[in-house]
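Working notes for the structure below.
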2 protein chains.
Amino acid sequence: MNISTLCLGILALGEASGYEIRKRFEGPFRHMHEPSFGSIYPALAKLTRDGMVSCTVHSQEKRPSKKVYSITPAGRLALRQELESALPGPDRIRSDFLVTMLFSDILSPDFIDAAVTERIAFYNELGAVLQSNECGGNAGREFVRGYGMAVCRAAVEYLETVQRSTQDRETLTAA
Amino acid sequence: MNISTLCLGILALGEASGYEIRKRFEGPFRHMHEPSFGSIYPALAKLTRDGMVSCTVHSQEKRPSKKVYSITPAGRLALRQELESALPGPDRIRSDFLVTMLFSDILSPDFIDAAVTERIAFYNELGAVLQSNECGGNAGREFVRGYGMAVCRAAVEYLETVQRSTQDRETLTAA
DNA sequence: GCAACCTGTATCGGGCTGCTATATGGCCCC
DNA sequence: GGGGCCATATAGCAGCCCGATACAGGTTGC
C-alpha cells in the first residue's frame, strides 16, 4: 500500500484537493496513517498522468486557488484491484514512546512520569476527537473510528494503572 | 528518534551484533518498532565512527563470524541526552488494515471478512507471544510487554464484536 | 542429494518524512 | 498600524528508512 493508493481511496469517497486529503488524516483518521504533503502532491501528479484521477482548478476569493481531484472509472477499477490483490500486511509502527519506556531504567523517574502523563493526555484527547466525530453514513469510517476508540481506551487504562502503582510505591517509600 | 539511537539503546541493555539487534524486534518487541537490516548496519557503522560503540569480531565454529558491538561511556551519555532532550513524539502508524477497512464499502464482503479473521488471528498470536515472554528483570521490558498485551486484547475484542454483529446481520438477511 | 531455511554482513533503489520556499489573507497584540 | 503568527494552498529537496537482493556457509528435511 503506497500513498498513491491511499489518495485514490480518499478520492473514491469524494473529490478533494491535496491539502484536504492531508487534513482528513489529521482529525479522526490520524491513528491509521499520516501522509505528508511531500508524498501526497507527487502521488496526485502521477495519478493524473496515469489517468486515474482528473484535476480541475477552483479559484477562490481571499484564498489561494486549489486543484480539486476526482477519481475516474479507471481509477476506481485500479483501486479495487490494488486493495483486493492481497490481504493487508501487518501495521508498521514506530513508537518513540515505547522505545523510551523500554530504556526507562537509564532515565530519570521524573522524565518517565512526565512522558506517561503526556501520553495519557494525548490518548484522552484522541479518544474525545474520535467520539465527537459522528461521521455516520460510511460503514468503513465507523469501523475505523470504533477501532481507534477501543485502542485508545485500552492504552489509557493501562497507562493509568501503571501510573497509580508507581505512585503507590513512592508513597510507601516515603512513609 | 532515529535508528542510531534505537541501536544505542539496545546495546545499553547488553552487547549484540547487528543481526541480534534485528532479532530482538521480531519477537516480543515487534509492536513498537521493526528496524530493517538496511538501516541497522549503516547505523552501527556510523556509531562506531563516532566512538559511541566499540566493535569486536567473534569467530564462531560452524557459523559465520559476527561483529559484536558494545556501548562506550560516551555512547551511554549521548543516549541519555538524546532520549531526555524531548518528550517522545506521537507514534507513527501506517495501518494498511485500517485503510482497507476504511474503503470496505467498495470491496467484496468476503474479502473484508477474510481480512478481519486474519487480523484476529494475528493479534491473538502476538498476544500469546507477549504473554509467554516472561523476560523479567527489566522494568522497561515489562512495561512494553504489558502495553502490547493491553492493546492486543482491545483490538481482538473489538474485531470479534464487529465480526459477530456482521454474522448476525447475515443470518437475519438469510432468514 | 538437493531444496529450503537459518545465521550473518552489506549495499542499493526508491519511497516517504520533515523542512523549506512561496504567495496571500486574517487575527491578535503592543 | 505594523510586526508576528497562523491558516490555506502547492511544490521541491535532503536525508532517512524499508524492502529486496547478493553472498557465503551450515543445518534440517524429504
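Chain naming here is simple, since letters A, B, ... match the order of the sequence lines and numbering starts at 1 in each. No hydrogens, no waters, no symmetry mates; every other heavy atom, side chains included, goes into these values.
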Mind running a 4.0 Å heavy-atom check of residues 16-28 of chain B against DNA chain C and sending the residues that fall below it, in number order? B:S17, B:G18, B:Y19, B:K23
Interface with DNA chain C, restricted to residues 30-56 of chain B and to heavy atoms under 4.0 Å: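 When residues 30-56 of chain B is checked for heavy atoms under 4.0 Å from DNA chain C, the hits, listed by number, are B:G38, B:Y41.
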Can you name the side-chain contact (heavy atoms from CB on, under 4.5 Å) partners of A:E26, sequence neighbours left out?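 Per chain and number, A:E26 pairs via side-chain contact (heavy atoms from CB on, under 4.5 Å) with A:R22, A:K23.
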Taken in chain and number order and not counting sequence neighbours, the residues that satisfy side-chain contact (heavy atoms from CB on, under 4.5 Å) with B:S85 are none
Please determine whether ring-ring contact (aromatic ring centres under 6.0 Å, His included) holds for the pair B:F143 and A:Y158, giving the CA-CA distance in whole Å, both sets of side-chain angles, and the decisive distance to 0.1 Å. CA-CA 9 Å; B:F143 177 91; A:Y158 180 75; 5.4 Å; yes
Taking only side-chain N and O atoms of B:K62, does any of them lie within less than 4.0 angstrom of OP1 or OP2 on D:dT27? yes
Would you say A:Q60 places a side-chain N or O within less than 4.0 Å of OP1 or OP2 belonging to D:dT8?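 Negative; the distance criterion is not met.
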How long is the straight-line distance from NE2 of A:H31 back to SG of A:C152, given to the nearest 0.5 Å? 7.5 Å
Working to the nearest 0.5 Å, report the span between OG of B:S104 and CD of A:E142.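 Going from OG on B:S104 over to CD on A:E142, the span is 11.0 Å.
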Report the nucleotide, chosen from C:dA10, C:dG8, D:dT8, that has the shortest atom-to-atom distance to any side-chain atom of B:K67.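 That would be C:dA10.
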Pairing of B:R80 and B:E84 as salt bridge, 4.0 angstrom limit: yes
Thinking salt bridges, do B:E34 and A:R94 make one under a 4.0 Å N-O criterion? no
Check against side-chain contact (heavy atoms from CB on, under 4.5 Å), B:C7 and B:L47: CA-CA 9 Å; B:C7 289; B:L47 286 170; 4.1 Å; yes
Whole-Å distance separating the [atom1] atom of [X] from the [atom2] atom of [N]:
X: B:I3; N: D:dC17; atom1: CD1; atom2: P; result: 5 Å
X: A:L6; N: C:dT17; atom1: CG; atom2: C1'; result: 14 Å
X: A:K66; N: D:dA9; atom1: NZ; atom2: C1'; result: 9 Å
X: A:M1; N: D:dC18; atom1: CE; atom2: P; result: 19 Å
X: A:R63; N: D:dT10; atom1: CZ; atom2: P; result: 12 Å

A:E20 side chain vs A:S17 backbone, donor-acceptor pair below 3.5 Å: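 Answer holds: yes.
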Any donor-acceptor pair under 3.5 Å linking the side chain of A:R141 with the backbone of B:L102? no
Residue-level proximity of residues 91-103 of chain A to DNA chain D when a heavy atom falls under 4.0 Å: A:R92, A:R94
Starting from the C-alpha separation in whole Å, work towards a yes-or-no answer on side-chain contact (heavy atoms from CB on, under 4.5 Å) for B:I93 and A:M32. CA-CA 6 Å; B:I93 298 179; A:M32 55 185 285; 5.9 Å; no
Between A:S165 and A:D168, does a side chain to side chain donor-acceptor pair (under 3.5 Å) hold up when you go through it step by step? CA-CA 5 Å; A:S165 72; A:D168 290 351; over 6 Å; no
Run the side-chain contact (heavy atoms from CB on, under 4.5 Å) test on B:I21 and B:Y69 for me, step by step, so that the C-alpha distance in whole Å, both residues' side-chain angles and the decisive distance to 0.1 Å come before the verdict. CA-CA 10 Å; B:I21 290 175; B:Y69 295 86; 5.9 Å; no
Over the length of the helix from C:dG1-D:dC30 to C:dC30-D:dG1, how much do the five-pair end axes diverge, rounded to 10 degrees?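 The two end axes of the helix from C:dG1-D:dC30 to C:dC30-D:dG1 meet at 40°.
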